[in-house]
Amino acid sequence: MSTAMNFGAKSFKPRPPDKGSFPLDHFGECKDFKEKFMKCLRENHFESALCRLESKSYLECRMERQLMTREPLEKLGFKDLIDGTKEAEPSES
């Protein structure tokens, strides 16, 4: 009987996910953006610096659809891409 009383006294307290944790895109809302980003990575030998525009687009899609917390692009490392300029050198294809 004391076990039942102890169990009732405890309560589950949910906590938000750690920074960087976000829901999966179960409905494929950002699938096209993800595929473009992954294609860019494969074509550039997984040099992520060469795929920053695709990465930015993918993250914007996720934020617009509330699949991740909205963050300023500057905070995500895209300050130089906000005006449409790109500091990274274009890749040779």
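Bear in mind that the values here come from a model prediction, so they are computed numbers and not experimental data.
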Give, for atom [atom1] of [X] and atom [atom2] of [Y], the distance between the pair rounded to the nearest 0.5 Å.
| X | Y | atom1 | atom2 | value |
| --- | --- | --- | --- | --- |
| Leu41 | Ser55 | CG | OG | 8.5 Å |
| Glu54 | Glu35 | CD | CD | 13.0 Å |
| Cys61 | Lys36 | SG | NZ | 10.0 Å |
| Arg62 | Phe33 | CZ | CZ | 12.5 Å |

Short N-O contact, Arg65 and Asp25, less than 4.0 angstrom: no
Criterion side-chain contact (heavy atoms from CB on, under 4.5 Å) on Leu76 and Glu60, from CA distance to verdict: CA-CA 11 Å; Leu76 296 174; Glu60 286 175 322; over 6 Å; no
With [X] via side-chain contact (heavy atoms from CB on, under 4.5 Å) - residues at least two apart:
| X | result |
| --- | --- |
| Glu74 | Pro72, Lys79, Ile82 |
| Lys39 | Arg42, Glu43 |
| Lys34 | Met38, Tyr58 |

Residues forming a salt bridge (charged side-chain N to carboxylate O under 4.0 Å, His left out) with Glu29, sequence neighbours excluded: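 So Glu29 forms no salt bridge (charged side-chain N to carboxylate O under 4.0 Å, His left out) with any residue.
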Sub-4.5 Å side-chain heavy-atom contact between [X] and [Y]:
| X | Y | answer |
| --- | --- | --- |
| Leu73 | Leu81 | no |
| Phe78 | Leu59 | yes |
| Asp80 | Arg52 | yes |

Other cluster members, Phe27 - Ile/Leu/Val/Met/Phe/Trp/Tyr, side-chain contacts below 4.5 Å: none
Which atom of Asn44 lies closest to which atom of Cys51, heavy atoms considered: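 Distance-wise, the nearest heavy atoms are ND2-SG, 3.8 Å.
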